[in-house]
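Please read all numbers here as calculations on a predicted model, not as lab measurements. Heads up: numbering here begins at 1 and tracks the sequence. Counting starts at 1 for both ligands and their atoms, following the listed order.
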Amino acid sequence: LPYTEKTPSIQLKAKSTVNIKYDFSPAKIDEESFPFLVWRKIAKELIDESNSSLLQSGHPQGEIELRTQIARYLYESRGIICDAEQIVIGSGTEQLLPMILRLFDHTPRLALENPGYSPIPRVHLQNQAIPIAVDDEGIQVDQLEQTDAKLVYITPSHQFPTGAILSAARRTHLLSWAMADQGRYIIEDDYDSEFRYIGKPIPALQSIDKAERVIYMSTFSKSFMPSLRVAYFILPHSLITKYKAVFSYYACTVPRFDQQMLSEFMLQGYFSKHLNRMRKIYRRKHDKILSIFEKNYPEVTISGDMAGMHMLISFKHSLDEQLIKEHLLKKHIRIQPLSQYTINKKENTNPSFILGFGGIPYAEIDQAIHQLMNAIYETT
Ligand SMILES: Cc1ncc(COP(=O)(O)O)c(C=O)c1O
């Protein structure tokens, strides 16, 4: 029965949408290769009366089955040794990072990469994050040493957004920074390490840290789908007691059925099959983009393309990044300028854009890049 017969007085306005033809956003994944068939089969099996216990609240850290699968996967793919008890599942990096910060008695000073992943400075309470510059070897650890930071958030396997890979020397330096003081920890965000195109796989910092100073975090947003909202962190043993004291009453933010589906997907070997398939698909896209630039736009510098689902394109002459972004939107193309991810924005001497290629279908790459470049050059 309707609660009221009155017509609602609030008129919902239709959202104005920009029609985007080519979206180079780094958060997009390939839609054509999603394993709908298998995912539907697992959902059908799980959503059944025999699993009625899943209607009740679950473990605050997430389903033990999923945590066990994550621990096994990380051991096999990243050399990470941890057990399910150390893993906490949550619905995203933005939801998990504030939880990590709450494990410390006084909100610790957090240092972060600049440019860097934009939600991070925003989730830090009181907005007091300390920006540390990044170069082609990753975060500049000697700058970090000059600060009073207790925590540092980094993306060492593929710096977001520049794509730099933290060099071996910097890794050692960073671990020694953490060990030099009792309360120092490194938060390692390994968000897209599944996809590496050039060179040997880079070990996770967590796997070479002998002093338990790394809080490892990762997500299924790149490797599977961003709308699933499943991410996790691994706590060093020294922080588990504190975690249990602060968060035992928290409900896990990911629905239990979704967690169980993902766990089955991993257990039955579909996740590793999916990753192998996606590696080929993204590598093909990656190689195609590089060859288009090499042949047609040799004046554009490409960097950060060793891994992941985005690369950086930079121009030598002066261009207004914001003006280009707006002009491109009028042409139904979305691309983010590097300055969007920079704290204390200053003009980039080499205007740069993050070219995410996950969401561009392979067959449309040629057209997409040419239309992008034509539109950029129209502004000069
Ligand atoms: C550096 C970085 N971390 C994490 C994520 C994913 O976060 P979430 O798990 O909240 O989807 C992204 C997504 O683009 C990212 O760029």
Are the aromatic rings of [X] and [Y] close, with centres under 6.0 Å apart?
X      : Y      : result
His370 : Tyr297 : yes
Phe24  : Phe353 : no
Phe34  : Phe224 : yes

Side-chain donor-acceptor pairs under 3.5 Å in residues 239-247, sequence neighbours left out?
unit_1 : atom_1 : unit_2 : atom_2 : d
Lys242 : NZ     : Asp105 : OD1    : 2.6
Lys244 : NZ     : Glu85  : OE2    : 2.8

List, for ligand 1, each N/O atom that has a protein N/O partner under 3.5 Å away, with both atom names and the distance.
unit_1   : atom_1 : unit_2 : atom_2 : d
ligand 1 : 3 (N)  : Asp189 : OD2    : 2.6
ligand 1 : 7 (O)  : Thr93  : OG1    : 3.0
ligand 1 : 9 (O)  : Thr93  : OG1    : 3.3
ligand 1 : 9 (O)  : Thr219 : OG1    : 2.7
ligand 1 : 10 (O) : Thr93  : N      : 2.9
ligand 1 : 10 (O) : Glu94  : OE1    : 2.8
ligand 1 : 10 (O) : Arg229 : NH2    : 2.9
ligand 1 : 11 (O) : Ser221 : OG     : 2.6
ligand 1 : 11 (O) : Arg229 : NH1    : 2.9
ligand 1 : 11 (O) : Arg229 : NH2    : 3.4
ligand 1 : 14 (O) : Lys222 : NZ     : 3.4

Q | Test log, rule ring pair (Phe, Tyr, Trp, His ring centres under 6.0 Å), inputs Phe271 and Tyr73 | A | CA-CA 9 Å; Phe271 184 55; Tyr73 163 68; 5.2 Å; yes
(Q) Please report the interatomic distance CG(Asp189) to CG(Leu96), rounded to the nearest 0.5 Å. (A)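 The distance works out to 10.0 Å.
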